[in-house]
Chemist: 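Take this structure, written in structure tokens, and hold onto it; I'll ask about it next.
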Amino acid sequence: MVKREDTAPFECDALPVYCEAPLAVALAHSEQDVVAAVRLCHEFGVPLVSRGAGTGLSAGAKPIARGLLLVTAPMNRILDLDPQAMTARVQPGVINQQISTAAAPHGLYYAPDPSSQIACSIGGNVAENAGGVHCLKYGVTVQNVLSVRLVSATADNIGEVLTLGGDCLSQPGYDLLALVHGSEGGLGVITEVTVKLTPVPEQTRTLMADFDCVRTAADAVSAIVRAGVIPAALEMMDKLAISATEAFCHAGYNLEAAAIVLIDLDGHPLEVQAELAVVEQVLSESGAAQVRRAADELQRARWWKGRKSAFPAIGRLSPDYYCIDGTVPRHRIGEVLEATARFAEKYSLRVANVFHAGDGNLHPIIMFDGIEPDALERTEKLAADILEYCIAVGGTITGEHGVGLEKINQMAVQFSDAELEQFRAIKRNLDPFELLNPDKQIPTLARCQEYRALRQSGG
């Protein structure tokens, strides 16, 4: 008999406003366990939701009451690390940071570094196509994975283990490896991932610029890229995020600034020196009140610790928070931030902003108190307004957090019925029995019609 306390830790991912007790939880320790679970679920008509470390922020790993939650976190071994080929072959439960730690003695690291990298698993990174602080220069997960093994739920052979991708840079046929990235466990259950490793740069220097105006800081981000410099990282935080983070970990931020921009420049020392001069000039000409270079590695680490600690720091300001992630063209960032502030005032809620400014991947963090009867409803409406504004300025509803349940209504705004039907056709072909993570990511036609009608009526 399954007890509530046994399954309670698995009732949600890192977006706990959406919870569900699963019918059962299975901990997979091997690929054979995954195969057996997929085949049993098919035999008895039980939906299956796969989950890694549970750090996702879109309710993509929320269980189904009538289904099995298959947890791959125990599959946490690095199977092979080849410093000559600069690759690592790992199980899906391996923690992101663990790969870089293992590769460090060889002068290598794994480039994608989400804020949750000390906790998130590589299987989940593939499922959400995770990015991170340094994705501007080094790419998101899909650009850093060579191959995956996954257990399929296709009609021809339930539980078949497929290998997508390989050591060769060019593969014949459709790019199914890219298709799996961001599929949120809906097209197969990942059992192994081969990632590319990147040489540790010869030198990395960090700049921090303070601004008296959020719009000015946002415009400076575009100016840096227009100047021909692609920083390794280009991050931005607003005043509320700055104050929360400084109180949390004493990173050394200027509490008087309306916004700060954090910049990493890396590569050959001569290249870094040239880029430092260009970026400092651009920041000065763009209205920065102050530009500082990190004096040493200790100060660099402290500044970046603040950025990586922003989510838990902001979590101390409010009983609950709801983090979304829309992506917009760089030159529209300032406009979207100003619109976000207007929307927040409309719903009487506070929003902190800390995000990947270099690629326009915004992370508005909405603070609320779930005890208030209408707080979650106002929060969801605010999130919808922000995401749909992102669409209106030429952006998209997600950069790295996925759709899950959280953004399923906005799929009806961003995509036409014909486009959504194409998504459904892919899903039907690779998961014809609707076994894997059903009722998420792709809205039904009826749901689309209802939501569009609601928005047109002002609801």
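Note that the coordinates shown come from a computational prediction; the quantities given were computed from them, not determined experimentally.
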Chemist: So does Glu184 get a backbone contact from the side chain of Asn437, meaning a donor-acceptor N/O pair under 3.5 Å?
Modeler: yes
Chemist: Name the orientation class of the two ring planes belonging to His363 and Phe311 (parallel below 30°, tilted from 30 to 60°, perpendicular beyond 60°).
Modeler: perpendicular
Chemist: Kindly indicate, with the supporting measurements, whether the criterion salt bridge (charged side-chain N to carboxylate O under 4.0 Å, His left out) is fulfilled by Glu450 and Arg447.
Modeler: CA-CA 5 Å; Glu450 289 173 4; Arg447 181 168 189 153; over 6 Å; no
Chemist: For the residue pair Tyr389 and Glu335, confirm or rule out a side-chain donor-acceptor distance under 3.5 Å.
Modeler: yes
Chemist: If we only count heavy atoms from C-beta on, is the Ile95 to Asn76 side-chain gap below 4.5 Å?
Modeler: no
Chemist: Does any non-hydrogen side-chain atom of Val34 lie less than 4.5 Å from one of Leu70?
Modeler: yes
Chemist: Is the closest side-chain donor-acceptor distance between Tyr451 and Gln410 under 3.5 Å?
Modeler: yes
Chemist: Atom CE of Met237 and atom CD of Glu246: how far apart are they, to the nearest 0.5 Å?
Modeler: 9.0 Å
Chemist: Using 4.0 Å as the upper bound for N to carboxylate O, is an ion pair formed by Asp82 and Arg89?
Modeler: no
Chemist: So, Glu388 and Arg455, do they make that salt bridge, N to O below 4.0 Å?
Modeler: yes
Chemist: Hey, does the side chain of Ser243 reach the backbone of Leu240 with a donor-acceptor pair shorter than 3.5 angstrom?
Modeler: yes
Chemist: Please report the closest heavy-atom contact between Ala53 and Ser121, naming both atoms and the distance.
Modeler: N-OG, 3.4 Å
Chemist: How long is the span from the CG atom in Leu40 to the CG atom in Leu68, to the nearest 0.5 Å?
Modeler: 9.0 Å
Chemist: Determine whether a donor-acceptor pair (N or O, by modelled atom type, separation under 3.5 Å) exists between the side chain of Ser116 and the backbone of Cys120.
Modeler: no
Chemist: Can a salt bridge be assigned to the pair Lys346 and Asp385 using a cut-off of 4.0 Å between side-chain N and carboxylate O?
Modeler: yes
Chemist: Are any of the side-chain heavy atoms of Lys308 and Asp113 separated by less than 4.5 Å?
Modeler: yes
Chemist: So, are Arg39 and Glu43 salt-bridged, with charged N and O less than 4.0 Å apart?
Modeler: no
Chemist: Looking only at atom types and distance, does a side-chain atom of Ser318 sit under 3.5 Å from a main-chain N or O of Phe368, one as donor and one as acceptor?
Modeler: yes
Chemist: Where the side chain of Lys440 meets the backbone of Val403, is there a donor-acceptor pair that is under 3.5 Å apart?
Modeler: no
Chemist: Taking only Lys NZ, Arg NE, NH1 and NH2, and the carboxylate oxygens of Asp or Glu, determine whether Asp325 and Lys407 approach each other closer than 4.0 Å.
Modeler: yes
Chemist: Check the pair Val225, Leu234 against side-chain contact (heavy atoms from CB on, under 4.5 Å), reporting the backbone distance first and the verdict last.
Modeler: CA-CA 10 Å; Val225 179; Leu234 185 49; 4.3 Å; yes
Chemist: Taking NZ, NE, NH1 and NH2 as the nitrogens, is one of them in Arg300 or Glu297 under 4.0 Å from a carboxylate oxygen of the other?
Modeler: yes
Chemist: Using a strict 4.0 Å threshold on nitrogen-to-oxygen distance, state whether Glu372 and Arg378 make a salt bridge.
Modeler: yes
Chemist: Could you go through the side-chain contact (heavy atoms from CB on, under 4.5 Å) check for Gln414 and Thr396 one step at a time?
Modeler: CA-CA 7 Å; Gln414 179 166 343; Thr396 181; 3.0 Å; yes
Chemist: Is it true that the side chains of Thr444 and Arg424 contain a donor and an acceptor less than 3.5 Å apart?
Modeler: no
Chemist: Kindly say whether Gln97 contributes a backbone atom to a donor-acceptor pair with the side chain of Tyr109 at under 3.5 angstrom?
Modeler: no
Chemist: Does Arg350 reach the main-chain N or O of Leu317 with its side chain, forming a donor-acceptor pair under 3.5 Å?
Modeler: yes
Chemist: Quick check for you: to the nearest 0.5 Å, what is the distance between Tyr110 atom OH and Thr101 atom OG1?
Modeler: 14.0 Å
Chemist: How about Val328 and Ile333: do any of their side-chain heavy atoms sit closer than 4.5 Å?
Modeler: yes
Chemist: Is atom CD of Glu421 surrounded by more than 12 heavy atoms (other residues, nucleotides or ligands) closer than 6.0 Å?
Modeler: yes
Chemist: Is atom CD of Gln203 surrounded by more than 12 heavy atoms (other residues, nucleotides or ligands) closer than 6.0 Å?
Modeler: yes
Chemist: Just checking Leu79: does its CG atom have more than 12 heavy atoms from other residues, nucleotides or ligands closer to it than 6.0 angstrom?
Modeler: yes
Chemist: Can you name the closest pair of heavy atoms from Asn353 and Ala241 and give their distance?
Modeler: O-CB, 3.6 Å
Chemist: Take Ser222 and Arg330 through the side-chain contact (heavy atoms from CB on, under 4.5 Å) test and state the conclusion after the steps.
Modeler: CA-CA 6 Å; Ser222 289; Arg330 269 188 299 269; 3.4 Å; yes
Chemist: Could you go step by step and tell me if Thr198 and Leu108 meet the side-chain contact (heavy atoms from CB on, under 4.5 Å) rule?
Modeler: CA-CA 5 Å; Thr198 299; Leu108 302 168; over 6 Å; no
Chemist: Can you check whether Gly132's main-chain N or O pairs, donor with acceptor, with Glu400's side chain at less than 3.5 Å?
Modeler: yes
Chemist: Could you check whether Arg452 pairs with Asp417 (Lys NZ or Arg NE/NH1/NH2 to Asp/Glu carboxylate O, under 4.0 Å)?
Modeler: yes
Chemist: I'd like to check Thr327 versus Cys390 (side-chain heavy atoms, cut-off strictly below 4.5 Å). Are they in contact?
Modeler: no
Chemist: Tell me if a side-chain donor or acceptor on Thr7 pairs with a main-chain N or O of Ala21 at a distance below 3.5 Å.
Modeler: no
Chemist: Checking Glu419 side chain against Ser416 main chain: does a donor-acceptor pair fall under 3.5 Å?
Modeler: yes
Chemist: I'd like to know if Arg77 pairs up with Glu192 as an ion pair, taking the criterion as any Lys NZ or Arg NE/NH1/NH2 lying under 4.0 Å from an Asp or Glu carboxylate oxygen.
Modeler: no
